[in-house]
Protein chains: 4
Amino acid sequence: MVDKTKGPQVQSTVKDESLIAVRREQMIQGAIKLFKEKGFHRATTREIAKAAGFSIGTLYEYIRTKEDVLYLVCDSIYKQSMGRLANFEIKEGTVDDLKSAIREYFLQVDGMLDELTIMYQETKSLSKEAQAYVFSKEFEIVAVVERLLKRCVQSGEISMTDKQIHMAANSLVVQGQSWAFRKWALHRQHTLDEYIEMQTTLFISGIKGF
Amino acid sequence: MVDKTKGPQVQSTVKDESLIAVRREQMIQGAIKLFKEKGFHRATTREIAKAAGFSIGTLYEYIRTKEDVLYLVCDSIYKQSMGRLANFEIKEGTVDDLKSAIREYFLQVDGMLDELTIMYQETKSLSKEAQAYVFSKEFEIVAVVERLLKRCVQSGEISMTDKQIHMAANSLVVQGQSWAFRKWALHRQHTLDEYIEMQTTLFISGIKGF
Amino acid sequence: MVDKTKGPQVQSTVKDESLIAVRREQMIQGAIKLFKEKGFHRATTREIAKAAGFSIGTLYEYIRTKEDVLYLVCDSIYKQSMGRLANFEIKEGTVDDLKSAIREYFLQVDGMLDELTIMYQETKSLSKEAQAYVFSKEFEIVAVVERLLKRCVQSGEISMTDKQIHMAANSLVVQGQSWAFRKWALHRQHTLDEYIEMQTTLFISGIKGF
Amino acid sequence: MVDKTKGPQVQSTVKDESLIAVRREQMIQGAIKLFKEKGFHRATTREIAKAAGFSIGTLYEYIRTKEDVLYLVCDSIYKQSMGRLANFEIKEGTVDDLKSAIREYFLQVDGMLDELTIMYQETKSLSKEAQAYVFSKEFEIVAVVERLLKRCVQSGEISMTDKQIHMAANSLVVQGQSWAFRKWALHRQHTLDEYIEMQTTLFISGIKGF
DNA sequence: CATGAATGAGCATTCATTCAT
DNA sequence: TATGAATGAATGCTCATTCAT
């Protein structure tokens, strides 16, 4: 049930669609590496082109403005995380399912630490339109968790109102993301497994309190 | 027990310390307003000077680089939140104390929504040195919560290991901050009171699970 | 007695002369349309190619530089006006002949308003060499008028020195062209017929004053 | 009776009005020299700044876009010619007055050959708004001549309708300007005095024909 | 011959910072 | 101390031209 809504499309003067895909992928990978190092604002278009492996002129054959690069990067990251989240859906409504879903989610976050950090720090540099699209993608992720919780409620294992579900889902998602954007605070004190275990306990006990 | 560690000092060609204080306060207030609107990178030094109420020349009498302004702003915001957190300390170790501390903290966050958002989005633009200082301030905030939890453990009301305390304190702090940086996701669905109540339940039940 | 002097030749990698002629005609028509709208400098080679109906690569099979396009356009316009002027020659030397020649010339100008405006505004963008050629074409047009006047002098209907003839011929040509390049000043106040009539009176009475 | 209508104002970040006047004058003089050589499009802003005697940064303290420079140049040229035309007005309505006014006008054109050529070639590069303003200045010049002719009609020395006056005034103005923009065709054949004399005869005899 | 992707020199414009007054 | 004019390195973006397919 992945949302197929297309966000604002980035224009290209190149016609060959598959070439566009290839070049944009190069661009995105180069840009992610660069943005990690210096952030979006300090990265120049020339550096982005170089990191992507082509010239500044070629870069602009595939985008219209520098902001387009950021948008493509953010879009790509979200698509990547949504892709990984898709298999959460097939689970039943037991608490054990929830636990393994949480584990799965945290593992995914851990596999995309830099990407998620970029997303968190640079989204505000997008146009309002692009921001809205990125936020809609974030909503989808929260919605996945909400659906998991609803299933647990339906199965009678836990009891929560819709508001509580919405709030808890947001909390869990944020908690996961904090493993990325609070690296400096968390990674030195906790291993990923420890952290997952503790977060799972905190969350499961927490929602049982409702 | 507020930490008095001074961070990297910002140089000024002006000698009158009280004048420096006055001008920097003007600068910080103007800059916060500006950064809210356009972010640090898009705000120009001229605009900052204008927002502060003096000329670009005067601005540079009180700072050395544009980054200094951001540093002063971040420092000011942290000092402000630390000031408000100070009274948490005087509480005893009951769960009710903890609950009211949580409420107090969330109220504080709600009173500094824009400031905290700026902090979250712009910290990465600081020099490594200044970032380290700002992070140390963040650690202090977490430390306040850790101390609260420890007192609860000491009073026997709850039972947690040090690692769990560290992790839970971080979680709570992040959860509070998310009220600021996930405004778009949370404020339309929940009132502040609702949100505090749910977060409190989630957290208290959660840590009781340890 | 049309001058057959060839101007600087534009190189092409294509060998089929008739194909060259076809493609260049497409190019010239497209370019005229484009230059009307945005002028030579603001029109890109891509746009020229598109307006001509082929790709940028093909465009460059038939020219060497963007300036070549302008040259071909200017050359084409002059050839067109020279072609139309050719029949002036066959007239005798009466003032009535002169009058109808003037009318004919102004009608021709009116049929090439946009083209002449392009010529007037863009000639300076040509290389010195190409400019010289275009000027030589302009001289030919003036020469046509000079010959007309000379015949009137020979027939005894009017009396003018060579210098006066040269100057009057230039004046008439400019006056005609001004119907194109001062459109904004003249077309709202005068119909073409009115204008021709007044110009004819002014000119004929004028030269009779010599 | 110089028109004092202000055209679109060019913004400056500099506050000192008299300094603005000085720097813009430097800019205009440098730009005229440069535009003479290479035209507006081929002149870079850096070259303009250099020709004006200051840095690129300073240039942009006094204008907002490159087009502003062209506008300032055109405006300055028109103001200059209008200033010189002002004294035409004081004449009476004799044909001799007209003759000396014509002479005066042609002398003025001769003193502004390059400037007028720039005007003729670059006006089209201005924005529609700026173009409209420049055209209105041109209308004023024509209007001066119209007034001269009207006075001659009133004094009974010649007889012309309003339409004829409008058309003749335009013709005379164009004829004068052609001394500048057809330099290559006229200056080699005629001295200024010769040219003025012939043009005067042509024009006076011409309008007497109405 | 035709195509269109690739190239990079070149350009307008911005903005942090300095310094003479 | 305060001011604001001057500076020029840096940057996003364009576009004429080339060349492999």
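Every chain is numbered from 1, with letters handed out A, B, ... down the list of sequences.
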| task | Tell whether D/R46 reaches the base of E/dT13 with its side chain through a donor-acceptor pair below 3.5 angstrom. | result |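 Checked by distance alone, the answer is yes.
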| said: Any donor-acceptor pair, under 3.5 Å, between the side chain of D/R42 and the base of E/dG10, if you only look at N and O atoms? | reply: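 Not at all, since no donor on one side and acceptor on the other fall under 3.5 Å apart.
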Looking across every strand, which nucleic acid part, if any, lies under 4.0 Å from [X] by heavy atom: base, sugar-phosphate, or nothing?
| X | value |
| --- | --- |
| B/K15 | sugar-phosphate |
| D/R23 | sugar-phosphate |
| B/T44 | sugar-phosphate |
| A/A43 | sugar-phosphate |

| For DNA chain E, what is the dot-bracket line, given that a base pair needs Watson-Crick (N1 to N3, plus N6-O4 or O6-N4) or G-U wobble (N1-O2 and O6-N3) geometry with both distances under 3.5 Å, and | means paired with another strand? | .||||||||||||||||||||
| said: Are D/Y133 and D/Y71 an aromatic pair, judged by ring center distance below 6.0 Å? | reply: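 For D/Y71 and D/Y133, the ring centres are under 6.0 Å apart.
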| query | Does NZ or CZ of B/K66 lie under 6.0 Å from the centre of the six-membered ring of B/F40, at an angle within 45° of the ring axis? | reply |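 The answer is yes, since B/K66 meets both limits relative to B/F40.
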| Can you check side-chain contact (heavy atoms from CB on, under 4.5 Å) on B/K137 and B/D75, steps first, answer last? | CA-CA 8 Å; B/K137 289 296 190 184; B/D75 190 41; 4.2 Å; yes
| said: Assuming nearest nucleotide by heavy-atom distance, tell me which of C/E61 and B/T58 is located more 5' along DNA chain F. | reply: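 The residue mapped nearer the 5' terminus is B/T58.
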| message | Please verify the inter-ring angle class for D/Y62 with D/F54; under 30° counts as parallel, over 60° as perpendicular, anything in between as tilted. | response |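 Geometry flag for D/F54 against D/Y62: tilted rings.
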